[in-house]
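Everything numeric in this text was worked out from a predicted model, so none of it was measured.
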Amino acid sequence: MIQITFPDGAVRQYEAGVTALDVAKSISEGLARKVLAAEVNGEVWDATRPIEQDAALKLLTWDDKGGQNTFWHSSAHLMAEAIEEQFPGVKFWVGPPVENGFYYDVDLGGRQMHEDDLKAIEKRMNELAKQSNPYIRKPIAKAEAVAYFEEKGDEYKLDLLQNLQDGEITFYTQGGFTDLCRGPHIPHTGFIKAIKLTNIAGAYWKGNEQNKMLTRIYGVTFPAQKQLDEYLQMLEEAKKRDHRKLGKELSIFTFDDDVGQGLPLWLPNGTIIIEELEKLAKETEQDAGYKRVVTPHIAKESMYLTSGHLPYYQDSMYPPMELDGTKYYLKAMNCPHHHKIFAAEPKSYKDLPLRLAEYGTCYRYEQSGELFGLMRVRCLHMNDAHIYCTKEQFAQEFRAVNDMYLKYFKIFGIEKYVMRLSLHEPSKLGQKYIDEPELWIETENMVREVLKETGTPFVEVPDEGAFYGPKIDVQIWSAIGREFTLATNQVDFAQGRRFKLEFTNHNNEAETPLIIHRAPLGTHERFIGFLLEHFAGKFPAWLAPLQVKILPISDKFMDYAKSLLAQLKKWDIRAEIDERNEKIGKKIRDTELMKVPYMLVIGEKEQAEGKVAIRRQGKGDMGTEDAAVFIENLKAEISERSKP
RNA sequence: GCCGCUUUAGCUCAGCUGGUAGAGCAACUGAUUUGUAAUCAGUAGGUCGUUGGUUCGAUUCCGACAAGCGGCUCCA
């Protein structure tokens, strides 16, 4: 007999060789029907794998991430079985579960897969699922496994085998498909009730663009049809929030073939949002002791050689313009220009910290396939600033920047984000990173300490630093689930020296300042793209391109409408009258769709009493109010930048 | 940049196997003067992304290019 310990601490006795599924059955049949896999001593196992010794056991169902991942990974095997039937000789790389489903990377040997194929594969998967074929685990000797895949001529699996040792190699078979796989898997294919293959994509083998491109097939499966329907419904909802769709509907921005890829044109509505954001940034930065500067859009090659950007960054810069034998580059970043401003006049420790801010326009030649609405563009306006400070001032300055981030997040109600501390990779010093091992470690520790002190939750990722120092990125997700860096806060211990930036310290010695690069509002492009999705187009009043729409019941009340408009304009409230000869229902509908925060319905009663009937976007009729009171309230809402 | 897909009126989309295009909304005109999410009628609007080719004839078939979309790689 062996002892099985459950998560709640309960202990039960079972025969050695008992499976998690047996254990589940001993508890209840209903549970047994739901068990997908099991955590045995913290390791995820097949529910059908015999347990020979005392163990801690957690049964995994769809409600556990581990259960879900097992389910999707098993679905990838099921898909592979169907693909192998329809594309004989296909070779498989890996088929892991992902955030929403799974994929399998395959080499079709020069053949192509089309959407029609997906339907056929999906159909076959459904048939195979109904057969409830068990996933059978078989430990195998390395030599035998190698021989098997040599026979098949499958270089991908042979590559995987290279890194595996005897004793840790297993094959899994379900129906007519056998794969090298660590497992675990669900008990049988019958658990898979709803299947949707979502798309075909290319993916470089091992994620390296030097390697061959494999065909990646994405899919998602569920234990019940209803869950798939709900998932597809959710995707539809997400699409409605997509900033590209909303940007068009609300006339925020546009692209034009003649202007160029990735070069957004900001329409009047979008420009209003830009100006409001800049106003916020300028107020905030002024309060925090920043000074504003303005710099040109281009600079000579020599400056980017000094900064060290050119060797690291050249591929992402527009090619140079050559004039009189001198090369000029469009700036891809503002820092070198700002460094030159620091260097323009001698500095003493009394001048520090010096904080130079600019909404700088940068151009980056992003690869065409990378462009994505406003989230990834080639012309961007950065909420940039550089803080030059002493080592002693660093922690406080870095902390102040961090506080500014949090202040902004509060204003916008940004709650779902992850702070990511990006570190250097020691083996890449001198290639991807400035070769200053001690400074890397020292600054990374300084940043980590500040984050810990302020209690800011963060994750650390290796090998993601800027070439000149560690950085903190704020990661956010677009409506359709793509991850982006919204804002960034970087430490720079390299460029100060490269630009020979110096200040005179207390002891009358020349010292190089530390530099903090920061962009809490990221770029207008990405930030507004994000805000569109964040608010689903329903901007708070202070940001809304149009704040108030006056809707007269009929043109008999036009004079009153105009006098209201004049009053609103007096306070710089963005307002318009719907002068169309339409019924009120129509005017309301159109204004609702344009997501204007306030609608003022005015007719006989309102005109007679000097009132307005207020309608809040998305909330309906809010009742009647004196026009003057409404204006006072709205003025406060706008100046306080209240959320809706 | 790479793999796959897509491109028809301002927008959203129809258009079977080749015979030069349709709808709804928007726009414009007229009627209606309207009380909280679509009043009615009429008019106008497209060399079917661009460009080669096949064909008596191409929006439709094939190629190239461009842009967009889904990924990969890369990034604010």
Side-chain angles (χ1 to χ4, degrees), chain A residues 98 103 105 108 112-115 117-118 198-218 242 244-245 248-249 251 254-262 313 315-316 332-333 362 364-377 380-384 464 466 471 473-476 480 482-490 517 519-527 529-530 551-558 581-593 599-606 613-618 620-624:
Chain A
V98 289
Y103 67 78
D105 280 349
L108 296 167
Q112 285 185 350
M113 193 180 281
H114 303 281
E115 275 174 29
D117 296 314
L118 285 191
T198 46
N199 53 26
I200 309 171
Y204 298 109
W205 183 42
K206 294 185 175 180
N208 184 335
E209 63 182 322
Q210 307 302 324
N211 286 343
K212 184 172 180 174
M213 183 157 269
L214 303 175
T215 304
R216 175 172 295 181
I217 303 112
Y218 281 91
D242 191 318
R244 293 166 297 185
K245 186 173 158 67
K248 188 178 273 182
E249 285 170 5
S251 299
T254 191
F255 289 95
D256 186 287
D257 281 5
D258 270 343
V259 177
Q261 253 188 315
Y313 220 86
D315 289 348
S316 306
M333 64 294 293
C362 299
R364 296 183 178 179
Y365 194 77
E366 303 290 352
Q367 298 185 64
S368 60
E370 255 69 86
L371 301 172
F372 177 78
L374 281 182
M375 297 298 209
R376 195 73 181 274
V377 292
L380 41 103
H381 297 80
M382 212 187 298
N383 170 227
D384 215 353
E464 290 280 333
K471 61 177 182 176
D473 291 325
V474 180
Q475 300 303 110
I476 50 105
I480 56 169
R482 206 181 287 202
E483 181 177 349
F484 287 94
T485 299
L486 183 66
T488 184
N489 183 7
Q490 311 176 347
H517 305 235
L521 297 178
T523 65
H524 282 323
E525 287 72 16
R526 193 169 284 177
F527 203 76
F530 165 76
L551 310 178
I553 298 288
S554 82
D555 59 13
K556 282 193 284 193
F557 315 107
M558 201 56 79
N581 185 0
E582 290 288 353
K583 295 174 84 164
I584 194 66
K586 170 74 164 167
K587 291 180 183 178
I588 286 170
R589 177 182 159 78
D590 290 348
T591 313
E592 285 278 354
L593 291 175
M599 283 155 267
L600 301 181
V601 178
I602 56 166
E604 193 72 54
K605 274 188 308 210
E606 290 74 17
I614 302 161
R615 192 186 162 95
R616 190 77 170 82
Q617 201 279 340
D621 194 345
M622 309 294 279
T624 304

Separation of atom CD in Glu582(A) from atom P in A31(B), rounded to whole Å: 14 Å
Selection from G35(B), G4(B), U39(B) that lies nearest to any side-chain heavy atom of Gln112(A): G4(B)
Nucleotide U39(B), atom P - distance to CD1 of Ile553(A) in whole Å: 13 Å
His114(A) side chain near G4(B) phosphate (N/O to OP1/OP2, under 4.0 Å): no
Touch class at under 4.0 angstrom, heavy-atom based, for Ile584(A) against every strand present: sugar-phosphate
Distance, C1' atom - from G49(B) to U7(B), rounded to whole angstrom: 6 Å
Inter-nucleotide P distance (U47(B), A9(B)), Å rounded: 9 Å
Partner nucleotide of U6(B) by Watson-Crick or wobble geometry (both distances under 3.5 Å): A67(B)
Strand partner of A21(B), provided both Watson-Crick or wobble distances fall under 3.5 Å: none
Distance test, side-chain N/O of Lys586(A) to OP1/OP2 of A26(B), below 4.0 Å: yes
Same-atom distance (P) from A67(B) to C61(B), integer angstrom: 23 Å
Mate of U55(B) where both pairing distances stay under 3.5 Å, Watson-Crick or G-U: none
Between A23(B) and A44(B) - P atom distance, rounded Å: 12 Å
Nearest-angstrom distance, P atom, G10(B) to C48(B): 13 Å
Geometric cation-pi criterion Arg526(A) and Phe484(A), 6.0 Å radius, 45° cone: no
Euclidean distance, atom CZ of residue Arg615(A) to atom P of U36(B) [Å, nearest integer]: 10 Å
Integer-rounded Å distance: G35(B) C1' and Ile614(A) CD1: 16 Å
Comparing Lys245(A) and Glu592(A) on RNA chain B - which has the more 5′ nearest nucleotide: Lys245(A)
Sugar-phosphate, base or nothing in reach of Asp257(A), heavy atoms under 4.0 Å: sugar-phosphate
Touch class at under 4.0 angstrom, heavy-atom based, for Glu249(A) against every strand present: nothing
Separation of atom CZ in Arg589(A) from atom P in G24(B), rounded to whole Å: 16 Å
Base partner of A14(B), which must satisfy Watson-Crick or wobble distances under 3.5 Å: none
Met333(A) side chain reached by Tyr313(A) side chain, heavy atoms, under 4.5 Å: yes
Greater than 12 external heavy atoms within 6.0 Å of Glu604(A)'s CD: no
Nearest-Å distance once atom C1' is located in both G63(B) and G70(B): 24 Å
Asn489(A) side chain near Pro520(A) side chain, heavy-atom distance below 4.5 Å: no
Glu592(A): which of Arg616(A), Arg615(A), Lys586(A) passes salt bridge (charged side-chain N to carboxylate O under 4.0 Å, His left out): Arg615(A)
Side-chain heavy-atom pair Glu366(A), Leu371(A) within 4.5 angstrom cut-off: yes
Interatomic distance where CE belongs to Met558(A) and P belongs to U33(B) [whole Å]: 15 Å
Euclidean distance for C1', C2(B) against A76(B) (whole angstrom): 23 Å
Polar side chain donor-acceptor pair, Gln475(A) to Thr485(A), under 3.5 angstrom: yes
Side-chain N,O (Lys248(A)) to OP1/OP2 (U12(B)) below 4.0 Å: yes
Distance, rounded to the nearest Å, where Asp590(A) contributes CG and C11(B) contributes P: 18 Å
Identity of whatever pairs with U33(B) - Watson-Crick or G-U, under 3.5 angstrom: none
Gln261(A) CD - G49(B) C1' separation (whole Å): 14 Å
Pairwise P distance, A38(B) and C25(B) [rounded to whole Å]: 13 Å
Sequence-aligned protein contact record of nucleotides 69-76 of chain B, with B where the base is within under 4.0 Å of a protein heavy atom and S where only the sugar-phosphate is: SBBBBBBB
Lys212(A) side chain vs Trp205(A) backbone, donor-acceptor pair below 3.5 Å: no
Side chain proximity check, Leu600(A) to Ile614(A), heavy atoms < 4.5 angstrom: yes
